Colleague: 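Sharing a structure with you now.
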Amino acid sequence: MSDQKRLFLVDAYALIFRGYYAFIKNPRINSKGEDTSAIMGFMNSLLDVIKRERPDHLAVCFDKGGSVDRVEMFEAYKANRDETPEGIRTAIPYIHDILKAMHIPIMVKEGYEADDVIGTLSRQAEKEGYKVFMVTPDKDFAQLVTDNIFMYRPVFGGGYETWGIPEVQKKFEVATPEQVIDFLGMMGDASDNIPGLPGVGEKTAKKFIKQFGSMEGLLENTHELKGKMKEKVEANAELGKLSKELAKIMLDVPVTFDAKDFELDHPDIDKVKEIFQELEFRRLTDNFLKTFAEEPAEAKTESSEKATAPNVTPKEQKSAGAGQFSLFGGDTDGEVESDSEFKRRTIESTAHFYQSVAPGMATKLFVKNLLNQSSVCFDTETTGLNPLTAELVGIAFAWEIGKGFYVPFPENKDEAQELIEVLRPFFENDSIEKIGQNLKYDIKVLAKYNIEVKGKLFDTMLAHYLINPDMRHNMDVLAETYLNYTPISITELIGKKGKNQLSMREVPLEKQTEYGVEDADITLQLKEHFQNELTEANTQKLFDDIEIPLVRVLAAMELEGINLDKAFLNSLSSDLNNDIATLEKKIYEAAGEEFNIASPKQLGIVLFEKLKLVDKPKKTKTGQYSTAEDVLSYLAKDHDIIQNILDYRGLAKLKSTYVDALPEQVEPSTGRVHTDYMQTVAATGRLSSNNPNLQNIPIRTERGRQVRKAFIPRNEDFILLAADYSQIELRIIAALSEEETMIEAFNHGEDIHASTASKVFNVPLSEVTREQRANAKTVNFGIIYGVSAFGLSNQTDLSRGEAKELIDTYYETYPKLKAYMNKQVDFARDHGYVQTVLGRRRYLKDINSRNAVVRGAAERNAVNAPIQGSAADIIKIAMINIYSKLEVGNYKSKMLLQVHDELVFDIYKPELEEMKSLIKTEMEGAYKLAVPLDVDLGIGDNWLEAH
DNA sequence: TGCAATGCATA
DNA sequence: GTATGCATTGCAA
């Protein structure tokens, strides 16, 4: 058994197409203008297979002239396939030449498809005792699988999977591989133009196979079906039979398997090199030479140990893991040497000294050296992205450009802890500055090892966020923009995401070292770059006093997490389920058919074409009927179905986004929900929250509000406290504009919207109607966003004219407010940016645009950004100060969440009174404005009650 | 599988 | 009219 011979049959076109499209976004064009993507893609995968498997027998199969038999059966067969792309047609002769030079047999038979050739050959070889692997991504081949015939499928993200009988049974939910033919016949195949049974898709086909076993079984027993399906299947019996025939791969092509011809021979290396040279493949040449330089004998015996899964020796894994050699890695930064003029520097083209540190004495000496530095850049490498569960794989250090060290970590937890203890003096040294990119992550990882990162911090991501908040701040982008350097990509190291992705732990040490130290080295270089820019942009203070101290605060909040009442959410979920089902039924009844209510497309057709609820339905910019909330709300009063749809939507959203999603996000290791605050995505300076987003938990509707009840204190000894700034943005605009009327109102603690209404509508404060107050409130908010009469009339019951009048009166009432807004726009025009009270800048490149729409947007930004941003600055100060007081006082109470103008705390009950005053004082005193800041406190046994 | 479009939750 | 994050559908390469 162990020396059973192995034959690999390669489905050439399938791999060529796949290779071609893998490069579609970044096609390989050589200096002669030829598109070589398809050739490179195909060769990458062929070499990959050879390298991994070292087959003793191999052939490559092509189509020729299409399938005569199938076209005879069904003239539309493959008729709607697009013309073969130019880049593929030109590739074929080259690939033939290369295969010839490699002494690999090309199997092709006029009038037959590669499927049929492979099918026939595999059966012949099986009879002669071979184990056969069909190298193809094409699912159709599953029908050929036997005990000795396997599919060898490339998978996205690199690597292969082997499909034997069990895999086929599982994937297709069939009892035998032959049933795959029936399955394909039933559901059809759009790309091959196999019609299939109308109305039967994947789901139904699987059901039928289970029920009837085959196409014939189905057609003979249609009496067991009912309704529309019965009619359809019966009416299309012939089509069904034909589809099955089309899907069947032929096993009687006139070709012969000749073991001797198929033996994998030594290639004519010079000839292959010559062709590669002509095509300008450099990396591929190296790869080719490497593949055939190794003595193939070693891998041979090992690879058949496991019956169904070809093995990969560790050594081969390493080379395959190099990524850019593998077509299926989809890596596109391999072969671009030709335009070297524009090429960025890389680790290969840059002098560097990156060294891993040996365990034991060497590490101790290294730490000694580390402690002599005044400023060090470090970067942790871990097993994952979740700092709560990620384990340290290594830590890279750099303090001189072009040079750095890597300390690898053992997998054993105790040993890892021992090693980190050796490094503790460095991390906890107050006088050594720590530099990093996204330090919050490293701080959290180290916190799990009970290490505190002390001393001054410099985070390059944060620095760049202040320098240019509108850009993205990941390290690769920064390195390319500021250092003209392309770092080793993580995909190159561990592959694309998916099940074949490696963990950093599985990457060979020297690669870990290169990758990790490179990151630290680059970060160090970026720091030097950004340091000056921070001073120039006058944001050094903001950096030192706000963003950097906030890193530790956020890290602590995220590590803390919040307690969630899962049982409560589960009961909420079943309630919702019932109500959704009821609504669904009503909607289907009213519509007279069942359809997907969640699909705007289908919904639009039902409402506006079938039921014709409106004469001239509004369309979206893509030409669909608009089913947006405001459009439907308008119709709701006339049509019950609309109200039901709106309710359905609301409930479905609530359930999927919150009620069902939140319990999934509970971290098993802590039993709590840990959001991740993004400090560098919102251009205005706000935080954002994700995984999960805890800044958009419902509150407006009664039903949605219930979700807040699921957020609960740590235990009975604790209580939640929510503290929110009242009208902070309006207070800011009042203060900055020095609009006395408004400032007065705030100073007297008036209801600001009522006060505005009283002035704008010229009525005494006590006689303001609800409607007047509501309208005034809308304008007040509108001002912050940069109102237009159009927008205002959309939001209120007012007409365009009335809205305009209201806005005009508003500006007359608060003249300085208008002046302030104009001043902001003027400032932006002159300087190209606006700024917050703390000097946080937002650049507005479109402020002088000739396009009125674009310019208008920039002008609204000029008004809004300083207000929203100043509010963000202020709450950040409050957070830092509160955190520091909590630390110093060693309180048990913890700050958990921030929601733009609100902070949520887990309060230890005995500390409640003290906390109330501390929090209120710190928040209200965070920043001194011409208007007092006001904070409302609420407490409760859940987040809803705390409001 | 990945992406755009649509819709909707918050401040 | 400002600022976000995320679920779902349906299509593409």
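Chain naming here is simple, since letters A, B, ... match the order of the sequence lines and numbering starts at 1 in each. Values reported hereafter were calculated over all heavy atoms of this structure, with side chains retained and with hydrogens, waters and symmetry mates removed. Everything numeric in this text was worked out from a predicted model, so none of it was measured.
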Colleague: Looking only at the side chain of A/Asn696 (C-beta and beyond, no hydrogens), which of the listed nucleotides B/dT10, B/dA11, B/dG7 gets closest?
Modeller: B/dT10

Colleague: Measure from CD on A/Glu729 to P on C/dT4 and round the result to the nearest Å.
Modeller: 13 Å

Colleague: My understanding is that only residues two or more places apart in sequence, or in another chain, count here; which of them pass side chain to side chain donor-acceptor pair (under 3.5 Å) with A/Lys823?
Modeller: none

Colleague: Quick one: which of C/dG5, C/dT2, B/dT10 gets closest to the side chain of A/Arg708?
Modeller: B/dT10

Colleague: In whole angstrom, give the distance that lies between atom CG of A/Leu651 and atom C1' of B/dG7.
Modeller: 15 Å

Colleague: What contact category does A/Ile697 fall into here, base, sugar-phosphate, or nothing, at under 4.0 angstrom with non-hydrogen atoms?
Modeller: sugar-phosphate

Colleague: Let's test your reading of the model: under 3.5 Å, does the base of C/dT2 pair with the side chain of A/Gln868 as donor and acceptor?
Modeller: yes

Colleague: What nucleotide, of B/dA11, B/dC8, B/dA9, holds the atom closest to the side chain of A/Tyr785?
Modeller: B/dA11

Colleague: Whether A/Arg860 contacts C/dT2 is assessed here as follows: a side-chain N or O lying under 4.0 Å from the phosphate OP1 or OP2. Is that the case?
Modeller: yes

Colleague: Heavy atoms only, 4.0 Å cut-off, all strands: where does A/Ala652 land among base, sugar-phosphate and nothing?
Modeller: nothing

Colleague: With the side chain of A/Ile699 defined as its heavy atoms from C-beta on, choose the nearest nucleotide among C/dT4, B/dT10, C/dG1.
Modeller: B/dT10

Colleague: How close or far is atom C1' of B/dA11 from atom CG of A/Asn693, stated in whole angstroms?
Modeller: 11 Å

Colleague: With sequence neighbours excluded, what pairs up with A/Asp676 under the salt bridge (Lys or Arg N to Asp or Glu O under 4.0 Å) test?
Modeller: A/Lys440

Colleague: If you only use heavy atoms from C-beta on, which nucleotide in C/dT4, C/dG1, B/dT10 is closest to the side chain of A/Leu792?
Modeller: C/dG1

Colleague: Rounded to whole angstrom units, what separation is found between the CD1 atom of A/Ile728 and the C1' atom of C/dA3?
Modeller: 15 Å

Colleague: Any idea which of C/dG1, B/dC8, C/dG5 is nearest the A/Val681 side chain?
Modeller: C/dG5

Colleague: Using a cut-off of strictly less than 4.0 Å, decide whether A/Arg700 has a side-chain nitrogen or oxygen near OP1 or OP2 of B/dA9.
Modeller: no

Colleague: Counting only side-chain nitrogens and oxygens, does A/Arg842 get under 4.0 Å of the OP1 or OP2 atom of C/dA3?
Modeller: yes

Colleague: How would you list all residue pairs meeting salt bridge (Lys or Arg N to Asp or Glu O under 4.0 Å) that involve residues 859-876 of chain A, not counting sequence neighbours?
Modeller: A/Glu547-A/Lys876, A/Arg829-A/Glu859, A/Arg840-A/Asp873, A/Arg855-A/Glu859

Colleague: Between the side chains of A/Thr796 and A/Thr778, does any donor sit under 3.5 Å from an acceptor?
Modeller: no

Colleague: I want to confirm an ordering. Mapping A/Arg686 and A/Pro692 to their closest nucleotides on DNA chain C, which one lands closer to the 5' end?
Modeller: A/Arg686

Colleague: Residues two or more places apart in sequence or in another chain: which of them pass salt bridge (Lys or Arg N to Asp or Glu O under 4.0 Å) with A/Glu664?
Modeller: none

Colleague: Going by the rule side-chain contact (heavy atoms from CB on, under 4.5 Å), which residues pair with A/Ala776 if we only count those two or more places apart in sequence or in a different chain?
Modeller: A/Thr756, A/Ala757

Colleague: For each nucleotide in nucleotides 7-13 of chain C, reading 5' to 3', give B when a protein heavy atom comes within less than 4.0 Å of its base, S when such contact involves only the sugar-phosphate, and - otherwise.
Modeller: SSSSS-S

Colleague: What I'd like to find out is whether the side chain of A/Val707 reaches to under 4.5 Å of the side chain of A/Leu662, using heavy atoms alone.
Modeller: yes

Colleague: In whole angstrom, give the distance that lies between atom CD of A/Glu859 and atom P of C/dT2.
Modeller: 12 Å

